[in-house]
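Reading through the C-alpha cells given below for one structure.
Convention: sequence-line order gives letters A, B, ...; per-chain numbering from 1.
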Amino acid sequence: MSHRYSKSGRLIDENREISFTFNGKTLRGFKGDTLASALLANDQMLVGRSFKYHRPRGIVASGTEEPNALVNMGEGARFEPNQRATTTELFDGLVARSQNHWPTLDFDVGGINASLSRLLPAGFYYKMFMYPRAFWKHVYEPFIRQSAGLGQAPKEADADTYEHFHAFTDVLVIGGGVAGLVAARSAAETGARVLVLEQSAHWGGRGPVDGGRIDDRPVDNFVETLVSDLSARANVTLRTRCMGAGVYDHGYALGYERLTDHAPDINGPRHRLWRIRAKQIITATGAIERPLAFAGNDVPGVMLASAMRDYLVNYGVAPGQRIIVATNNDDAYRTAIELKKAGLDVLRILDARETGGGALMNQARQLGIRIDCGRAIAKVSGGKRVRKVQICAQIGAGGALEEVGCDAVAMSGGWSPAVHLWSHCGGKLLWDDTHAHFRPDPERPLIGADGKGFVLPAGSANGILSLDGIVPDAIQTGREAAKAAGFRLRKAPEFAVVQNSEAPLEPVWLMPQEARVGLRTKAWLDFQNDVKVSDVQLAAQEGYESVEHTKRYTTLGMATDQGKLSNINGLATLANALGAPIPAVGTTTFRPPYAPISMGAIAGEARGSVFQPLRRTPMHEWHRQHNAEWEPVGHWRRPYAYPRTGETTHDAVMREVSNTRQKVGLLDASTLGKILVKGPDAGKFLDMLYTNMMSTLKPGKCRYGLMCSENGFLIDDGVVARIDDDTFLCHTTTGGADRIHAHMEEWLQTEWWDWKVYTANLTEQFAQIAVVGPKARELLDKMGGMDLSADSFKFMEWQDGQIGDFTARVFRISFSGELSFEIAVPASQGLAFWSELMKAGQGLGVMPYGTEALHIMRAEKGFIMIGDETDGTVIPQDLGLNWAISKKKEDYLGKRAQQRDHMTDPTRWKLVGLETLDGSVLPDGAYAVAEGTNANGQRNTQGRVTSTYHSPTLSKGIAMGLVLHGPDRMDEVLEFPGTDGKTYQARIVDPVFYDKDGEKQNV
Amino acid sequence: MLTLQCPYCGVQADETELSAGGEAHIERHGPGSSDEAFEEYLFARENPFGVHFERWRHSYGCGKWFHAARNTVTLEVYGTYPAQTTEPPADIRKRISGVAPGWTWRFLG
C-alpha cells in the first residue's frame, strides 16, 4: 500500500495537519503536501479513469507533466475541472473529485471499453463513424459528445478575480532550479534587471532531491543561500508559483502566477498574468523523465522513478512497500537508494543495459539491492494496483524468466530537456545521441527584432544532465544574456560542484525490445489519451509518415498535458516503425502555453462592465431614467425605444412613430460621426472620398453623400455641411465614425500626402438632437432665439445661432421625411438642452423616440441604412442611388472598380420596395425563390429582404429588398419562404412608401 | 507579438498599439487603367518567405502610418520609415543586403 513512512519530508510541516475530501471522503494531510502526495499518503492510488478505455489510473509523476491525476476541484462558482493533483498545494477544506467515470471511480461502467480495446484502435472514430451518413447527426454525434472530455464544465460564473501585469526586464529567467538561480545570479552581477519565475512554490527544482554538493554544501542549503543573496539585490525580482507559460516574438513572454490557489482565504486576485518584455530570456526549465513502454505500464503503482524519489524525500510518502525499479540509465538508482534508505523493500533493479551502470550502481549494490542487468519488464499485472511483474530479457520478445509479486514499480527511460519555451516561437532542436534526446540547437535560436537570438537555454533544459555540468553552464548563460542585453561583464562567480559521474544510458523505446503483439497493445505511450505502442505502429502501417499526422490520427500528445511524457517515446516508436532515424521524423510543434492556464487569467480584468468601454451620450442618464431599452451600436448604447408602463416594446415603437409623424419627437443623434475636414485641398479630398461632388457645395449648405471603398462597395453615408471655403463637416453613421476617420487618414497619409488637408474627429464634442415632426418649428420657436422660418432657413441648409440660452449649430436635414432640425450644442450642455426641449414641447405632445422608430420612418421614406441595405457587396448603383454618383468627376474612390463587368452586370439585384399581399411583416433576410434548384439541391433565389417593419403610418408591413431586375418588375408578386414554415407573398413596389414628393419635410 | 519603432514619435511600439495595413509601396490605379493593372493593384499581393515591406499604423499612439521592412520568417526588423515614399530608402535596402544577400521583393533586390 502507499503510505506516509515518515513525517520528516522536506516540504511538509508535520505540526500542521489539515483535512480535505476526495470523492466525498474526508482525508488528512500536512501543510506542504500536494494533493497528489496527500492522496498517496492515504493509500489513494487510484485517482482517475483513462479517457478512451476507462482504465484505472494512478499518479505517475510529481509535477506539471502528470497525465493521469486530473481532478474536478472546488464547488459551485469555484468549480474547475482538469486540475493536476501533482501541482495542487493542499489546503484545509480542499474538495476534489475524480473524473471520467460512472457511477463511481471504483466501479466504472465505461471500463467495458478496456475489454473492447482491440476493437478501438487508432483512428477508430474516423473509420467507424463515416457510414451510414445519416447516422452522424442522430446516433454518432450525441454518443461522442456524451463520452467526450475528461472533466465537467463549470455551471456557474467564476467567482474569482484575475489581473494582468505588465513587466519589463533585461533578463527573464524561467525556472528557479539550480540552473535558473545560478544564471540569475550571474546575470544580476552585471547590474542587469533580472526577473526569475518558478512555477512551483519552492526554489531549487530537482536539485535538493537529486543530491550532490555545491560549494561543499548540500544542494538545498546552497539554494537557500543563493535565494537570500538574490532577494537582497534591488535589480532582482523573484516569483514563485509563477510559470513561464509562453515565449513569443521579440522577447515577449507570459508568466502565469497562481496567487491564492494554495490558500483561498487570501484576498485579491486568484491568478495574475504577467505580460513581460525581456531583452533576453533564459530558459532553465529543466528536463522531464520519460516513462518506459512495457505492457501494463499504466497500472496504478507504476511511477516515474524521479517522481517516486520526490514523494519519498519531499513528503515522506512511499507508493508501496515492495518495489521494482526498471531503468535504462543511472538516475533511477538514486530512487532505489532512497527507497532502501527509507526502509522499503527494493526487490530488483532491472537495468536494460547489459553492462549496467556506474558509481550509483555500485552504491546500490553495496546497500544490498539486487541488480539484474540486461533485464526488462515483460508485463505488469494488476487492476487498480500493481500486483506482480513478469521479468524477461531486454533483448527478446518478452518470454517471462521470472514472476515477482510487488506493489509498486519505478521506471526511468532517460530524460528529455523541457524545450517547449525554446521552441514556442521558432527555436530549433538537434538530436543528441549520447542522451537520446532533443535539445536546443544553439546555432538556430529564436530571432529577435535585431536579428539575433534572444533565448538562451541553461542547465538540463540545455541537455546537460549532471550537476557539475549544469552549474558552469548556468554561470556562462547568465553572463551571455546580460552581455546581449547590453551590460558589461565583471568577474564570473565560481562554485565547486561534486556529483557522482554517470554511465551512459542506452535508448529503450520498447521493453522488451521485440515485445510480441499482445504486450505492445498494453504498452502505453500516452496515458492521458490512451495511445499505445501498437497504435503508433498501426498509424505508420496505414501510411501516416509525418509525426504531425500521426499525432492527429492517434491523438498522441494531445489534451491537457500535450504529451509531456509521451512525445519522445511516441516519435521514437514512429521512427522505428518507419525505419527512419529519430531526428528525421522530428517533433510535433510546441505551442504555448507550456501547461494549461486559466481562462480567467487570460481575460484578466476584462469582464463584466469593464470587458469593453461603454460610450455614453451626454443624455444617457436621462434615457436610462425614462426606461430606455438599449440597442448596442458600436461601443455606444442608444435608446431603442422608451416603453411606458403597461406597454410592450412594439407598442412603444408604434407610438413613437405616430407621435413624431403627427406631433413632434426628439431623437438623441449625438452618436452620429462628426468629422471636420479642413484645408485648402479639403474640397478636392472630399471629391475623392465621396461619389458625388462636394467641392461645389456652397458654404451654408448641406449635401447627402456616399462613400465607397476602392473596391467599389458602399461603406458609409451621411450629410456633409460646408462650413466655409476651407472647412467641411462630414457626418457619418454611428458605427462608422472611427472607421471613416481612419479611412480618411489612411488616404491622406499614404496616397495624397502632399494635399493640404487636416481632419479631426469631433464626434464626442457635440451633443446632437433631432427635433422632428410637424410641430418641430413651433417647439423651437417656443425656446426663442434664431429665425427658423421656412423663408430664412431652407431645407438642406445649416446655420449657427441661439436656441433659447444655447449656442447651437442647426442643420435643416431630415431622415424621417418630416420637418426636422438637427441641432448640435457643446456636449457639456447636451442634457440641459434636451431637458429644455422636453419642457418647451410639453404642450405640443413632444416625446422622445428611439432607433427603431428612426428605422421605420426612414424605411417608410425609402432611405437606405448602411448595414441593412448594404453588406459589403452592394454598390450605390444597386440601390438606385445613381443620382448621388457624379458623372463629371474623373475619379473617386471606387469609380474604377464600379466599371468592372461584374459591377455593371444588368443581373445585379436592385433595390425595390416590398409589400405583403395580406399586410403582414416579411421575415428579415428572407429570400425570394425562383424556379428550379441549384447544384446543392436548394431552391434558386431571385432576391432578398434587407429591411422589414410594420408601418404604423400605413398600418401594414413594408419592406425593402434587392431583387433581380427588381425596378423593371413593379407589381409582380414574389414568394418568400420563411423559417417558420410559411411562405410569404409580396408585391414589388416603389421603395418610397410615404410622401413621395417630399412635401412634409419641406415646409 | 512584434515590436516596431514608430519613425514619427520614436516609440518602440508593441503590436497591440499598432494596426497592420498589408503590403507597402502599391501604386494606385484609377479610372483609365486596364483590367489587368487594376486587378493587380487591388488584389495581387506578395506572400514572401523572407524579406517583406509592410504598412503599419501607430493606431493607439500618434496615429501615423509608417512602413516596416522585416523578415516574415526570422521576424528580424530591418527598419521602419515614413509612409510618404514610393520605395524603401537606400540605407534600409543596403542593410538588408548586408544580412540577407540575394534578397528579392517585387521590383527590388
Side-chain angles (χ1 to χ4, degrees), chain A residues 164 166 168 246-254 275-277 279 425-428 444-454 688 709-712 738-739 741-755 759-761 889-902, chain B residues 1-5 8 12-16 19 21-39 41-43 51 55-60 62-80 82-86 95-96 98-100:
Chain A
H164 284 187
H166 292 259
F168 298 84
V247 171
Y248 307 81
D249 310 340
H250 294 182
Y252 185 67
L254 282 186
R275 306 176 63 171
I276 305 161
R277 279 280 176 194
K279 288 186 187 151
C425 83
K428 299 287 184 274
R444 296 181 297 163
L446 289 76
I447 300 292
D450 58 359
K452 301 191 181 95
F454 69 88
M688 286 303 295
S709 65
E710 188 69 318
N711 216 332
D738 299 309
R739 179 169 48 85
H741 183 230
H743 174 70
M744 290 177 171
E745 280 297 320
E746 179 178 350
W747 285 98
L748 273 179
Q749 291 183 33
T750 67
E751 187 67 28
W752 304 308
W753 61 76
D754 51 339
W755 293 12
T759 72
N761 186 349
K889 289 197 296 189
E890 271 177 27
D891 195 4
Y892 59 82
L893 294 180
K895 183 178 171 87
R896 175 63 184 86
Q898 288 164 1
Q899 294 165 347
R900 285 178 293 170
D901 54 9
H902 176 60
Chain B
M1 279 206 297
L2 303 175
T3 50
L4 295 172
Q5 188 173 47
Y8 291 94
Q12 188 69 30
D14 196 287
E15 201 173 322
T16 52
S19 310
E23 191 172 325
H25 307 305
I26 289 171
E27 190 194 344
R28 181 168 185 263
H29 287 260
S33 57
S34 68
D35 281 352
E36 292 70 28
F38 187 67
E39 182 194 1
Y41 154 58
L42 208 52
F43 301 115
V51 175
R55 306 188 321 146
W56 289 82
R57 188 184 184 205
H58 195 189
S59 310
Y60 296 96
C62 65
K64 292 292 188 189
W65 281 93
F66 63 90
H67 289 161
R70 65 178 196 100
N71 192 303
T72 60
V73 180
T74 66
L75 306 185
E76 179 171 359
V77 178
Y78 304 118
T80 55
Q84 291 77 38
T85 176
T86 52
R95 194 172 312 145
I96 298 172
V99 288

Quiz item: Under the side-chain contact (heavy atoms from CB on, under 4.5 Å) criterion, do B:F38 and A:Q899 qualify, and how do the steps go?
Solution: CA-CA 11 Å; B:F38 187 67; A:Q899 294 165 347; over 6 Å; no
Practice problem: Run the numbers on A:N711 and B:F43 for side-chain contact (heavy atoms from CB on, under 4.5 Å), then give the verdict. | Solution: CA-CA 10 Å; A:N711 216 332; B:F43 301 115; 3.9 Å; yes
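- There is no contact between B:Y78 and chain A, counting heavy-atom distances below 4.5 Å.
- Every residue meeting the side chain to side chain donor-acceptor pair (under 3.5 Å) condition with A:H741, not counting sequence neighbours, appears here in chain and number order: A:T759.
- Heavy-atom distances place the backbone of B:T85, and not its side chain, under 4.5 Å from chain A.
- The salt bridge (Lys or Arg N to Asp or Glu O under 4.0 Å) check on B:D14 picks up A:R277, with sequence neighbours excluded.
- With hydrogens and angles left out, the side-chain atoms of A:Y252 and B:E15 include no donor and acceptor closer than 3.5 Å.
- Side-chain contact between B:M1 and A:R275 is present, with at least one heavy-atom pair separated by less than 4.5 Å.
- Heavy-atom contacts from other residues, nucleotides or ligands closer than 6.0 Å to NZ of A:K428 number 12 or fewer.
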Quiz item: Is there a side-chain contact (heavy atoms from CB on, under 4.5 Å) between A:D249 and B:L2 once you walk through the steps?
Solution: CA-CA 6 Å; A:D249 310 340; B:L2 303 175; 3.8 Å; yes
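- Heavy atoms of B:L42 lying under 4.5 Å from chain A belong exclusively to its side chain.
- Residues of residues 24-31 of chain B placed with any heavy atom under 4.5 Å of a heavy atom in chain A are listed by number as B:R28, B:H29, B:G30, B:P31.
- Residues satisfying the salt bridge (Lys or Arg N to Asp or Glu O under 4.0 Å) test with A:R896, not counting sequence neighbours, are B:D35.
- Nearest heavy-atom pair, A:T750 versus B:R55, reported as atom, atom and distance to 0.1 Å: OG1-NH1, 3.5 Å.
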Self-check item: CA sep, side-chain torsions, deciding dist, call: B:Q84, A:Q749, side-chain contact (heavy atoms from CB on, under 4.5 Å)
Solution: CA-CA 7 Å; B:Q84 291 77 38; A:Q749 291 183 33; 4.1 Å; yes
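- Residues A:E746 and B:W65 come closest through the heavy atom pair CA-NE1, 3.3 Å.
- Contact tally against chain A (heavy-atom pairs below 4.5 Å) for B:H67, B:E39, B:R70, B:K64: the top residue is B:K64.
- Remark: A:E745 does not engage B:R57 in a salt bridge, criterion side-chain N to carboxylate O under 4.0 Å.
- In this structure, chain B has heavy atoms under 4.5 Å from both the backbone and the side chain of A:L893.
- Under the 3.5 Å distance criterion, the side-chain polar atoms of B:E76 are left unmatched by any main-chain donor or acceptor of A:K452.
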